[in-house]
Protein chains: 2
Amino acid sequence: MARPKVGDERREQILAAFEACVVRKGLAEVTLADVAEEAAQPRSLVRYFIGNRDEMVTCLIDRLLLRGDAQLSAVLGAGSVVSAAEVAPLLFDRIFADHVTNVVMMELWHLSIRDEALRERLAAIYRRLVVEVSDKLALDGSAADSAPAFDAAFTAISLAFGTAFFAHLGLVPNDFGRIRTNVNSIVRDYRSPRSTSPAEEAS
Amino acid sequence: MARPKVGDERREQILAAFEACVVRKGLAEVTLADVAEEAAQPRSLVRYFIGNRDEMVTCLIDRLLLRGDAQLSAVLGAGSVVSAAEVAPLLFDRIFADHVTNVVMMELWHLSIRDEALRERLAAIYRRLVVEVSDKLALDGSAADSAPAFDAAFTAISLAFGTAFFAHLGLVPNDFGRIRTNVNSIVRDYRSPRSTSPAEEAS
DNA sequence: CCCAATCTTGTCACGGCAGACAAAATACCT
DNA sequence: AGGTATTTTGTCTGCCGTGACAAGATTGGG
């Protein structure tokens, strides 16, 4: 070696620029020139350090998914034991709260429509969220059958997800508190759901 | 006029081809040549009857939103009075059941991230769904304050939406019945939510 | 000092797509 | 038949993004 390798920092810098461009313009619209400009570097350097566009996209996806996973670990680990009452704040104030993250996830989501592998990876992240929440829920009681706890967590997360998406349209409830109350009920009472008539059960 | 105008049929044919391409490849990837091939017509005709690409996209969006609105009318109107117990089937078996429609909506959703006007129009559709469901719910009891009914409908629809999206990832609950039961509870008991501790209320 | 690895610059060619347009063909009307 | 509005064909051009590459600059080791 003759010259210090700055490749890693450059790559990081370029990917950060790429990500910023993607948030601003959407993945499909971002060109190498855009990234280069955002990174304040000649276009050729982007190609030299990252490679072709596909590789750049792959790198970005890896980066995003890794960070998503890390955020999940940070939120779920670190002694923040989740009791039923803490699920709503967890979902609404942390996981689905950040606008930029949501936009990025939407971008990934859109990609995943036609990308089997990415779909798997996205599913893995959300599944992990469901499993970890449901595990904590099951701690409260006897966990003979974990399926109901899983489904309760799944339901709560689906609800939070849908709510977050609608929020992006500017479509919001009159009172977010009511949604949170529903989440509380879902994760608290999954072992003894309110009785429903047979007709409703069959629906 | 000297020659019979076949413009309307052609436009319809072209837009149908365009839509098929979009479902298959995603809007960003579809070229005029793709549409022309799908429509089995020379590329120039696409330009002649529709115009430039932007206009074609605009036409497609109009077409999709109009159809979405029509489907909503068909499902909600026509004597299918929605009682609380019918909300779950309505959402899961009709509104969010069709895979192709879901893919198209995802495409629109993605576009709407950077298109204010489209975002408004999408919001209008979902808002209408919420309002109509909540109206039917409110019929059951005294409708002094419609906000709780709106929020209950909003919650149920958010949940169904989230569930449908997760289904696209292959992420499903162990038992869909549990989700439906939750929806039933949400739309049935919104006037008397299960009591929550003050701590939970504050969450 | 010289070499070698790494980084940096600038430029070029290819391909694909959108847009424009000139004719030719068709069908209806009088 | 002739005129006219409409449809259809085929081709051409310019733009833009990617990928490729040659040549120079920088930095540390021998």
Rounded to the Å, how far apart are [X] [atom1] and [N] [atom2]?
{"X": "B:R43", "N": "C:dA18", "atom1": "CZ", "atom2": "P", "result": "7 Å"}
{"X": "B:D34", "N": "C:dC17", "atom1": "CG", "atom2": "P", "result": "7 Å"}
{"X": "B:Q13", "N": "D:dT8", "atom1": "CD", "atom2": "P", "result": "9 Å"}
{"X": "A:Y48", "N": "D:dG24", "atom1": "OH", "atom2": "P", "result": "17 Å"}
{"X": "B:M56", "N": "C:dC17", "atom1": "CE", "atom2": "C1'", "result": "12 Å"}
{"X": "B:R10", "N": "D:dT7", "atom1": "CZ", "atom2": "P", "result": "9 Å"}
{"X": "A:R11", "N": "C:dC7", "atom1": "CZ", "atom2": "C1'", "result": "12 Å"}
{"X": "B:F49", "N": "D:dT6", "atom1": "CZ", "atom2": "C1'", "result": "8 Å"}

- request: Please check if the distance between the ring centroids of A:F96 and A:F92 is under 6.0 Å.
  value: no
message: In this structure, is the centre-to-centre distance between the rings of A:F161 and B:F161 below 6.0 Å?
response: no
query: Looking for any heavy atom pair under 4.0 Å, which part of the strands does A:S44 touch: base, sugar-phosphate only, or nothing?
result: base
query: Considering only C:dA18, C:dT9, D:dG19, which nucleotide approaches the side chain of A:L32 most closely?
result: D:dG19
- prompt: Run the salt bridge (charged side-chain N to carboxylate O under 4.0 Å, His left out) check on A:K136 and A:E86 step by step: do they pass?
  reply: CA-CA 11 Å; A:K136 312 244 176 167; A:E86 287 164 348; over 6 Å; no
- prompt: Should the pair B:E38-B:R24 be classified as a salt bridge under the 4.0 Å nitrogen-to-oxygen rule?
  reply: yes
- prompt: Counting just side-chain N and O atoms, does A:R47 come under 4.0 Å of either OP1 or OP2 of D:dA20?
  reply: yes
